[in-house]
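First up is the structure itself, then whatever we jot down about it.
Just so it is clear: chains get the letters A, B, ... in the order the sequence lines come, proteins before strands, and each one is counted from 1. What you see below is based on every heavy atom in this structure, not just the backbone, and it leaves out hydrogens, waters and symmetry mates.
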Amino acid sequence: MKLVTCGLPYANGKAHIGHLRTYVPADVYVRYLRLMGQDVLFICGSDCHGTPIVVNAEKEGISPRELVDRYHEHFQRIFKELGIEFDFYGRTDAEYNHRRTQEIVKRLIENGYVYAKEIELAYCPKCDRFLPDRYVEGICPYCGAIARGDECDQGCGRHLEPGEIKEPKCKICGSKAEFRKQKHYFFKLTAFKDFLIDYLENKLQGTENALNYARQWVKAELRDWCITRNLEWGVKFPGEEDLVVYVWVDAPIGYISFTEEACKLKGLNWKEIWLNGEISDITHFIGLDIVYHHCIFWPAMLKGAGYSLPKAVVASGMVKVEGKTFSKTRGYVVWVEDDYLKAGFNPDYLRYYIVNYTSHEKDLNFSWKVFRDKVNNEIIATLGNFIYRVLHFAWKNFGKIEGKVDPAVMDKIAEIKDKIVSAIGKWEFKEASDAFMELATFGNEFFQSSKPWDLIKTDRSKCMDVLASCIQIVKALVIFAYPVMPKTMSKLAEFLGFDIAKARLEDALKPIESIELSKPFIPFEKVDDKKIEEMEKIMLERIRKAEEVEAGKKEELIDIKEFAKLDIRIGRIVKAEKIKGSKKLMRLEVDIGNEVRQIVAGIAEVYKPEELVGKLVPVLVNIKPAKLMGVESRGMVLAADVNGKPVLLHPDREVPPGSKIK
RNA sequence: GCCGAGGUAGCCUAGCUGGUUGGGGCGUCGGACUCAUAAUCCGAAGGUCCCGGGUUCGAAUCCCGGCCUCGGCACCA
């Protein structure tokens, strides 16, 4: 029994096209494996724990469970509609996952891979609880900027050790927090370094993007992981009522507990998968963002607890939307339900697009125009049209087809089958889908050059043979394309009188002796331009709104007194040099009239030092000094922000340095 | 700057353990056909294979140097 899993969607938001980049190919993979006669268990579920869920639930005034329920159902619905069929779709907050997680943690403790350590954590006396990192705010001891729990994110960027932050405040009630010592538990990841190097170099298979990334991390620096958190929501750490296990412990364990549940339902033994010697036939489909967890943390945990290790990790590339980096906040997103499904598009189209656009490892660009073109030119004109023209012609002129299939046709089908098998073995789903499209084109050529519309008038028997060959191709296409477009292809299989669920790739090569046809249906409906324009409008509107929100944040009105607090003066740049080790930072010496100040500015990507010297620029003089890349900055050069790039401002005419700006 | 992935015709790409005129798809242009959802088929145009060196009888393919793009980290006072 082979196990295939997908990275668990976090039950904290709706499904978007980025999710599908992983789930669709995984489903396609599983369907092809089954067509090859393999026994596969396909598992996924909702990732339900972690602080972001707790924070969001609190914001909405509901319990974490209610929030999780909502998205758990949402994802199940989306998967069903898109034909992504898991054998089991679980949730990590279920009893079975808690049980398995505690069992594994206990094993790790028994085997000596977990140790306790006292660390200082912010504690709010008013709320009477320890505060997870993102609930703490305070002052950075190094640069004085406002910093959050573990990091000076707005100031010097330093990583802050627990206890370092000054004047800690609770972000929930705003009252002063204090530091209290608390015992936490660490997983000895460092003990697995040699094991991981060997595993990643010699044992683990998968896509290069994942493996290379992980190898680099392991060789660099491994640190022990703190695996407990101060939360109520989560899996209790054994023996510690107040601590839950870190979300990245219980989430992947979901793969195991979901397998158990699936096996119960199917009368199988889960231990044959997860307690089956060193390496087991387990394949994880994931996004590039969680490579670290799946290639490093997870195998170490499994090893430490005595479980089997995954055989392969397959990571999908990133998703772009209309050529831009995917971003929910900036509006470059396609929501599966609100955008795609509500517009009434056939889910098979999106599956085809995702699988066929480019190699699994590379970036996928989603564009509505490309979507329309791929659907209309490839799915409909080439594949759908071939299927329909053959079935329609055969039904109209014969009704029943009994004829000899051309050996060249059989050879071609066999060739395509081999291509598909080889492509699936490499996780190259575009290659597999290109292969059946090639067969459709071959079919069109065969039909065209055989001219059955002429033969029907001169030689009915020969015409019948041509049709027999064409129907053989149609059957092969239905089987070969089924994993990518299950909804339409199963309807066609039914029309042709066979059960696709029991089909094998080899069946495409079994000659159809005789087939009786009824009136065929048009397999795919065209996507029209108006609909695409609508979709583009929706997206543009969303992008515009996102920009407005961004601008709106800055549009808080202030009065002149507040403005007067800003001491802005014209300064002359007298020296400029790039800061070593930084891409964006430039060290400037600026004459602001009564003194020359050192200022660090993030302009090095756009400006060269030599073009800056002598230039007059506005400088915010009374900003708190800060250190950037270890260089002190005592002021801020003002510039226009154009698509994230700075454009410097210069006075209309020569003015003396130090001139005040009002 | 560091690490990773890449740079092949308007777009997506195959080839990358070196070897006949660099394949394919979409789009474009011309033609043919009419069974079919104006679908299909045939043909054509379109490429400094990022740039510069080197190895070699021979390089898109190997080596060195550089440029650029994407992602991650650092950072944008």
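More than 12 heavy atoms of other residues, nucleotides or ligands sit less than 6.0 Å from atom CD of Gln205(A). Heavy atoms from other residues, nucleotides or ligands lying under 6.0 Å from CD of Glu201(A) number more than 12.
When each of Lys531(A), Lys530(A), Lys369(A) is checked for a salt bridge (charged side-chain N to carboxylate O under 4.0 Å, His left out) with Glu536(A), only Lys369(A) meets the rule. For the side-chain contact (heavy atoms from CB on, under 4.5 Å) criterion with Val334(A), the lone passing option out of Met535(A), Met539(A), His16(A) is Met539(A).
Checking C11(B) for Watson-Crick or G-U wobble geometry (two distances, each under 3.5 Å) identifies G25(B) as its partner. Nucleotide C75(B): unpaired (no Watson-Crick or G-U wobble partner with both distances less than 3.5 Å). Pair assignment for G18(B): none, as no Watson-Crick or G-U wobble contacts are both less than 3.5 Å. If you check G6(B) for Watson-Crick or wobble pairing at under 3.5 angstrom, you find it paired to C68(B).
In this structure, the CD atom of Glu431(A) is 11 Å from the C1' atom of G15(B), given to the nearest Å. If you measure from atom CG of Leu383(A) to atom P of G25(B), you get 16 Å, rounded to the nearest angstrom. To the nearest angstrom, C1' of A39(B) lies 15 Å from CD of Glu378(A). Across the protein-nucleic acid pair, Lys320(A) atom NZ and C11(B) atom P stand 14 Å apart, rounded to whole Å. Rounded to whole angstrom, the span from the CG atom of Asn377(A) across to the P atom of A39(B) amounts to 8 Å. If you measure from atom CG of Asp373(A) to atom P of C11(B), you get 15 Å, rounded to the nearest angstrom. Protein atom CZ of Phe386(A) is 11 Å distant from nucleotide atom C1' of U40(B), rounded to whole Å. In this structure, Asp567(A) atom CG and A77(B) atom P are separated by 19 Å, rounded to whole Å.
Atom name C1', nucleotides G46(B) and U37(B): the rounded distance is 30 Å, in whole Å. Comparing C26(B) with C70(B), their P atoms sit 29 Å apart, to the nearest whole Å. Annotation: C49(B) and U61(B) have their P atoms spaced 10 Å apart (nearest Å). Comparing C64(B) with G22(B), their P atoms sit 27 Å apart, to the nearest whole Å. Distance check on atom P: C12(B) versus G6(B) gives 16 Å, rounded to whole Å. The gap from the C1' atom of A59(B) to that of U20(B) amounts to 15 Å, rounded to the nearest Å. Remark: the separation of the C1' atoms in C50(B) and C33(B) is 44 Å, to the nearest Å. A5(B) sits 33 Å from U21(B) when the C1' atoms are compared, rounded to a whole Å.
Projected onto RNA chain B by closest heavy-atom contact, Lys426(A) and Ala381(A) fall at different nucleotides, the more 5' of which corresponds to Lys426(A). Ranked by how close their nearest RNA chain B nucleotide is to the 5' end, Thr441(A) and Leu288(A) are led by Thr441(A).
Here NZ of Lys457(A) is found 10.0 Å from CH2 of Trp453(A). Values are rounded to the nearest 0.5 Å.
Ring-plane geometry between Tyr353(A) and Phe371(A) is classed as tilted, the angle between the planes lying from 30 to 60 degrees on a 0 to 90 degree scale. Ring planes of Phe442(A) and Phe446(A): parallel class, angle under 30° (limits at 30 and 60°). Under the 30°/60° scheme for interplanar angles, the aromatic rings of Phe285(A) and Phe429(A) are found to be tilted.
No side-chain heavy atom of Ile570(A) sits less than 4.5 Å from a side-chain heavy atom of Pro657(A).
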Every protein N/O within reach of nucleotides 32-37 of chain B N/O, cut-off under 3.5 Å:
{"unit_1": "C35(B)", "atom_1": "O2", "unit_2": "Arg389(A)", "atom_2": "NE", "d": "3.2"}
{"unit_1": "C35(B)", "atom_1": "N3", "unit_2": "Arg389(A)", "atom_2": "NE", "d": "3.3"}
{"unit_1": "C35(B)", "atom_1": "N3", "unit_2": "Arg389(A)", "atom_2": "NH2", "d": "2.5"}
{"unit_1": "C35(B)", "atom_1": "N4", "unit_2": "Arg389(A)", "atom_2": "NH2", "d": "2.9"}
{"unit_1": "C35(B)", "atom_1": "N4", "unit_2": "Gln448(A)", "atom_2": "OE1", "d": "3.3"}
{"unit_1": "A36(B)", "atom_1": "O2'", "unit_2": "Asn385(A)", "atom_2": "OD1", "d": "2.9"}
{"unit_1": "A36(B)", "atom_1": "N1", "unit_2": "Arg389(A)", "atom_2": "NH2", "d": "3.3"}
{"unit_1": "A36(B)", "atom_1": "N3", "unit_2": "Asn385(A)", "atom_2": "ND2", "d": "3.3"}
{"unit_1": "A36(B)", "atom_1": "N3", "unit_2": "Arg389(A)", "atom_2": "NE", "d": "3.3"}
{"unit_1": "U37(B)", "atom_1": "N3", "unit_2": "Phe524(A)", "atom_2": "O", "d": "2.7"}
{"unit_1": "U37(B)", "atom_1": "O4", "unit_2": "Phe524(A)", "atom_2": "N", "d": "3.1"}
{"unit_1": "U37(B)", "atom_1": "O4", "unit_2": "Phe524(A)", "atom_2": "O", "d": "2.9"}

Mind listing the N/O atom pairs, protein and nucleotides 42-44 of chain B, below 3.5 Å?
none

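Using a 4.0 Å cutoff on non-hydrogen atoms, the parts of residues 353-372 of chain A near RNA chain B are Tyr357(A), Thr358(A), Lys362(A), Asp363(A), ordered by number.
Salt bridge status for Lys426(A) with Glu431(A): present, with a side-chain N to carboxylate O gap under 4.0 Å.
Aromatic ring centroids of Tyr349(A) and Phe345(A) lie 6.0 Å or more apart. The aromatic ring centroids of Trp248(A) and Phe297(A) lie 6.0 Å or more from each other.
Ser433(A) and Val484(A) get closest at one heavy-atom pair: CB-CG2, 4.5 Å.
Note on Ala601(A): only backbone sugar-phosphate atoms sit closer than 4.0 angstrom, heavy atoms only; bases stay farther off.
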